[in-house]
Asks: 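Here it is: the structure, laid out below.
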Number of protein chains: 2
Amino acid sequence: MKENLLQTSLEPLLDYFNGFIPLSGEEKQLVTKLFKPRLYRKRQYVLQEGDICAQFNFVVRGCLRMYKVDEKGNTHIIQFTAENWWLMDIGSFHLKTPSELNIDALEDTMVFQVSHENLIDLYTRAPKFNLIFRVLIENSFVSLQKRLLQNISSTAEERYLSFMQSYSHLTNRLPQVQMAAFIGITPEFLSRLRNKQVKAKS
Amino acid sequence: MKENLLQTSLEPLLDYFNGFIPLSGEEKQLVTKLFKPRLYRKRQYVLQEGDICAQFNFVVRGCLRMYKVDEKGNTHIIQFTAENWWLMDIGSFHLKTPSELNIDALEDTMVFQVSHENLIDLYTRAPKFNLIFRVLIENSFVSLQKRLLQNISSTAEERYLSFMQSYSHLTNRLPQVQMAAFIGITPEFLSRLRNKQVKAKS
DNA sequence: ACCAGATCAATGTTATTTCTTGATGCAGTT
DNA sequence: AACTGCATCAAGAAATAACATTGATCTGGT
């Protein structure tokens with residue numbers, strides 16, 4: 001019986017950084033030393049409400065979701081993260097306070113993780129990463145803001161359409177229950193919306 | 001979308017300890033304070049190779065397996081653990097060294113966990129637990145040794161029969177792939193063995 | 001040459017997850 | 001009062017994944 005091995009090639013991460021600014025050999029070394037691979041299986045928690053978010057996660061393969069569970073037990077998804085993107089609770093990570101968010105895996109997912117300590121170390125030894133991470137976080141910020149705007153100003157149907165656009169690479173990988181929880185409607189209603197779309201086209 | 005809540009009655013654990021030696025009210029208090037409930041879902045890791053085993057796990061409901069993955073990616077199961085038994089990597093736990101073993105859930109599984117620190121605390125405040133845990137570990141030791149002996153001296157068929165006996169409570173709960181990985185044969189060959197058994201009986 | 005067991009590929013069986021549909025309800029518009 | 005946009009609950013249907021069986025073929029050790 002074979003199990004998933006965590007194959008540990010740092011390549012995708014190095015490629016990612018290189019896409020911003022080429023790294024020196026030494027910097028690659030640093031990354032190699034400070035980032036650790038880790039496999040999460042479907043449904044497994046990466047971060048649980050009440051815990052401190054101790055890692056920056058870079059997804060190499062698979063898909064994560066970050067969400068909040070409200071008092072009624074309803075799940076609200078803040079973000080999906082698949083290949084070559086980052087996910088963490090920045091607030092909890094930097095302030096070292098318990099998170100009120102959850103992160104878990106929607107598929108078996110490989111990530112590279114840096115701890116807080118190691119990230120500081122990285123910044124100190126290779127200041128270039130300040131730039132990289134600044135840009136990276138700015139990007140996240142922008143898309144978050146876009147999502148907020150989108151969200152507060154639209155009907156369910158509009159949100160659905162907008163979601164299909166901005167997450168087009170994921171729309172046939174994600175179960176509809178998850179999309180519904182992102183859009184903020186019930187799976188049943190999403191089903192009806194889709195139905196309507198199909199009919200409208202013909 | 002609703003998520004699973006954990007129900008947290010300590011009863012089974014207290015009963016277990018009481019089965020050794022009756023506990024005082026104070027001792028029960030201690031147990032209540034130092035053990036934490038935790039739910040693992042099917043396929044979820046409890047311990048991952050490379051991590052330090054930080055908890056003693058007492059299974060209340062469900063079933064765990066502890067295994068090692070070799071260089072070829074083959075899984076060798078060391079132990080199954082269901083209701084009212086313990087599981088951990090003792091070595092990693094005590095020496096605080098990275099484990100080379102994995103533990104994961106074969107079913108949704110409820111455990112109570114003590115951390116290293118809390119366990120020491122428990123021993124200090126209620127020395128009676130030294131006895132309890134000594135006996136408990138001796139028991140594990142004995143069955144481990146039995147397994148080893150069984151293993152090095154038998155054919156696959158003998159190992160299968162012996163497994164059916166000593167794990168009789170689990171034989172219709174465990175998938176055969178898992179049993180095969182315990183016995184040390186391929187699932188296909190196990191299937192044939194079982195077939196042979198059935199035929200032999202008629 | 002034979003036996004215990006592996007490997008590979010195909011197929012069958014069950015269980016689990018996901019999706020759809022209908023019935024009904026309810027709070028805000030118009 | 002009726003209509004729209006959504007929720008809730010229950011039941012089935014459809015899709016997928018997990019598990020089991022079987023046949024064919026191979027291998028290393030006696």
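Note that the structure is a prediction, hence the values are computed from the model and not measured. Numbers restart at 1 for each chain; the letters A, B, ... are given by sequence-line order, proteins then strands.
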Asks: Could you tell me which residues satisfy side chain to side chain donor-acceptor pair (under 3.5 Å) with R192(B), sequence neighbours excluded, listed by chain and number?
Replies: none
Asks: Taking CD1 from I183(B) and P from dG5(C), how many angstroms apart are they, rounded to a whole number?
Replies: 11 Å
Asks: Would a line drawn from the ring center of F58(A) to the ring center of F35(A) be shorter than 6.0 Å?
Replies: no
Asks: Could you please name the option among dC8(C), dA6(C), dC19(C) that lies closest to any side-chain atom of T186(B)?
Replies: dA6(C)
Asks: Classify the side chain of R43(B) versus the base of dT16(C) as yes if they form a donor-acceptor pair under 3.5 Å and no if they do not.
Replies: no
Asks: Nearest to the side chain of F189(B), which nucleotide is it out of dA4(C), dC6(D), dT18(C)?
Replies: dA4(C)
Asks: Quick one: label I185(A) by what it contacts on the DNA or RNA (base, sugar-phosphate, nothing), any heavy atom closer than 4.0 Å.
Replies: sugar-phosphate
Asks: Ignoring backbone atoms, test whether Q176(A) places a side-chain nitrogen or oxygen under 4.0 Å from the OP1 or OP2 oxygen of dT20(C).
Replies: yes
Asks: Between the base of dG22(C) and the side chain of R192(A), is there a donor and acceptor pair under 3.5 angstrom?
Replies: yes
Asks: Can K68(A) and D89(A) be counted as an ion pair, charged N to O under 4.0 angstrom?
Replies: no
Asks: Rounded to the Å, how far apart are D108(A) CG and dA17(D) P?
Replies: 11 Å
Asks: Mapping E188(B) and E157(B) to their closest nucleotides on DNA chain C, which lands nearer the 5' end?
Replies: E157(B)
Asks: Which of these nucleotides, dT20(C), dA6(C), dC19(C), is closest to any side-chain atom of S191(A)?
Replies: dT20(C)
Asks: Between atom NZ in K196(A) and atom C1' in dT4(D), what is the gap in whole Å?
Replies: 10 Å
Asks: Figure out the CG/P separation between L190(B) and dT7(C), and round it to whole Å.
Replies: 15 Å
Asks: Would one find a side-chain N or O of N195(A) under 4.0 angstrom from OP1 or OP2 of dT21(C)?
Replies: yes
Asks: Looking at F182(A), I'd like to know if the NZ or CZ of R65(A) sits under 6.0 Å from its six-membered ring centre while staying within 45 degrees of the ring's axis.
Replies: no
Asks: Once you round it to whole Å, what is the distance between P of dG5(D) and CD of E158(A)?
Replies: 11 Å
Asks: If you find the nucleotide of DNA chain D closest to A156(A) and the one closest to K42(A), which residue's nucleotide is nearer the 5' end?
Replies: A156(A)
Asks: Starting at CZ of R194(A) and ending at P of dT18(C), how long is that distance when rounded to a whole Å?
Replies: 14 Å
Asks: What integer distance in Å separates N172(B):CG from dA20(D):C1'?
Replies: 16 Å
Asks: What is the distance, rounded to the nearest whole Å, between atom CG of D70(A) and atom P of dA7(D)?
Replies: 13 Å
Asks: Can we say D104(B) and R43(B) salt-bridge, meaning some charged N sits less than 4.0 Å from an Asp/Glu carboxylate O?
Replies: no
